[in-house]
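A short worksheet on the structure shown next.
All residue numbers refer to positions in the sequence shown, counting from 1. All heavy atoms count here, side chains included; hydrogens, waters and symmetry mates do not.
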Amino acid sequence: MTALIIFLILALLLVTGMPVSIALGLTVFTFLFGFTEIPMDSIALKLFTGIEKFEIMAIPFFILAGNFLTHGGVARRMIRFATSMVGHWYGGMGLASVLACALFAAISGSSPATVMAVGSILIPAMVKQGYPPQFGVGTIATAGGLGILIPPSIVMVMYSVATSGMVVTGADGQPVLSASIGTLFMAGVVPGLMLAAMLGGTTIFRAWKNGYPRMPRASMRERLNAFRESVWGLMLIVIIMGGIYGGIFTPTEAAAVSAVYAFIVAVFVYKDIKLTEVPKVLLSSAAMSAMLLYIITNAVMFAFILTSEQIPQALSDWIVSLGLGKIGFLLMVNVMLLFIGMVMEPSAIVLIMAPILYPVAVKLGVDPVHFGIMLVVNMEIGLCTPPVGLNLYVGSAISRLGLTEVTRATFPWLVTALLFLMIVTYIPEVSLAFPRMLGMN
């Protein structure tokens, strides 16, 4: 009954069109004042202790690094490098967009930022080369989702934060540790590359089937020049992944290092951003960080209420009693998250649903890292599904096509992503093999 009251209040507030962060906060305070006797000072204490985690600092730093590189010409140089490598294949510019999205995803951590940075350059160029705009926007809107799967990923950070500190027992009755950010980052490498390859395969097939143009093969000199121009941006991938794997710094420290490195590259190496423009980049990064941290703050309070009322434990016992098993539970979670992803933003979904579903998954024997990657893939698909898919809106703005037309354009690649979701859901080694090889899981 308690769970029904909480989720009914939240649903009613969301139906009014209220922002998720405010709806979460009002749900907590409405429930506190009307249905419990929990003292307010304990809520205030939880409010501050919930957001003073060191890991949360990674979010504003990754946002800042991505903004420096997005405002600069890093995306343009990476696109030139990607085009020189695969532009001569069938659907070369479409394939180059997938490769460029994968490369830019590895330095931005944001899916809409990846679509904007790559799409604003490549979609007009593809139309100029004779590709229909639907092909370009369909490729980039879906491939841009790699921004939250290929590390660094802000959504992975939020999943780790949302589940950290939860004491959960596994199928064998032993306590299970939550997934660390570093392990999640490494677990996202193979799925990210695998999905990029599958999206690239879909791009090649559709280009071959429809007879889309191919670019002339780039010479080795052109490829070397393109690599030389983009190497400073590509080095950020090496710094983040190599630094975390090598134990040189934590993911949060890696985020700080990447922000400083991105500033130096954008301002002093490429000189795409003037020093007078730096305050503007800092301000936009601060605004975005404040929005996400406000969502986290309210989500922490929401999770506290759920935990204090023992709702996750009760839900866990109920689902286990249904006898669904691991396979049935994971299928149910996928269907539910795909529907929720149509109407909510990924960060909010993870912060709300992870504390509820995580204990059930662990109790059924699902690895926390595997479950986290599965959630992220669901969020990636949600970014490309109407009516609230952010990538669709960004793609529509760039291509000047209607939202319905953009949605239809993404369908072939969306089917590919759904197929990949089934693979990553039921073959855990896709996510777990690499971190295990590194001794991290």
Side-chain angles (χ1 to χ4, degrees), residues 51-72 74-75 78 102-111 113-114 117 146-164 177-193 230-270 281-282 285-286 288-289 292-293 296 347 350 368-369 372-373 376 431 434-441:
I51 61 170
E52 67 177 3
K53 296 174 182 175
F54 181 65
E55 295 87 351
I56 293 179
M57 285 302 298
I59 295 174
F61 283 126
F62 278 133
I63 289 173
L64 181 59
N67 276 348
F68 272 123
L69 297 177
T70 303
H71 284 76
V74 174
M78 284 188 171
L103 291 173
F104 196 78
I107 62 175
S108 72
S110 169
S111 182
T114 301
L146 294 167
I148 63 171
L149 181 58
I150 295 179
S153 166
I154 294 172
V155 175
M156 288 183 189
V157 175
M158 291 190 168
Y159 170 77
S160 180
V161 169
T163 57
S164 65
L177 295 175
S178 58
S180 69
I181 296 174
T183 306
L184 286 167
F185 278 7
M186 295 303 161
V189 172
V190 172
L193 295 176
S230 63
V231 70
W232 288 100
L234 296 173
M235 277 298 296
L236 186 56
I237 305 172
V238 178
I239 290 171
I240 294 173
M241 303 302 292
I244 295 173
Y245 166 58
I248 300 172
F249 35 64
T250 66
T252 305
E253 292 166 345
V257 170
S258 68
V260 174
Y261 178 84
F263 164 73
I264 294 172
V265 168
V267 176
F268 298 109
V269 178
Y270 289 146
V281 176
L282 293 173
S285 301
M288 190 180 301
S289 300
L292 290 175
L293 291 174
I296 292 172
S347 301
V350 169
V369 175
I373 297 301
V376 171
S431 307
F434 190 52
R436 281 177 180 166
M437 186 180 72
L438 300 178
M440 298 181 71
N441 192 32

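Atom OG1 in T114 sits 9.0 Å away from atom CD1 in I150 (nearest 0.5 Å). Interatomic distance, I63 CD1 to I154 CD1, rounded to the nearest 0.5 Å: 4.5 Å. Remark: L234 CG to I239 CD1 distance equals 11.0 Å, nearest 0.5 Å. The distance from the CG atom of L236 to the CG atom of L103 is 12.0 Å, given to the nearest 0.5 Å. Atoms OG1 and CZ, on T183 and F434 in that order, are 11.5 Å from each other to the nearest 0.5 Å.
With sequence neighbours excluded, the residues that form a side-chain contact (heavy atoms from CB on, under 4.5 Å) with P251 are I181, F185, I244. Applying the side-chain contact (heavy atoms from CB on, under 4.5 Å) rule to M241 yields the partners P151, M186, V189, I237; only residues at least two apart in sequence or on another chain are considered.
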With a cut-off of 3.5 Å and sequence neighbours excluded, list every side-chain donor-acceptor pair involving residues 256-268.
unit_1: S258; atom_1: OG; unit_2: A254; atom_2: O; d: 3.3
unit_1: S258; atom_1: OG; unit_2: A255; atom_2: O; d: 2.6
unit_1: Y261; atom_1: OH; unit_2: W232; atom_2: O; d: 2.6

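Considering all non-hydrogen atoms of both residues, F61 and M57 come closest at CD1-O, 3.1 Å. Of all the heavy atoms in G188 and M156, the pair that sits closest is CA-CE, 3.9 Å. Scanning both residues, S160 and A179, for their nearest heavy atoms gives OG-O, 3.0 Å. Between Y270 and V231, the shortest heavy-atom contact is OH-N, 4.1 Å.
Between the T163 side chain and the Y159 main chain, a donor and an acceptor come within less than 3.5 Å of each other. At distances below 3.5 Å, at least one donor-acceptor pair connects side-chain atoms of S285 with backbone N or O atoms of V281.
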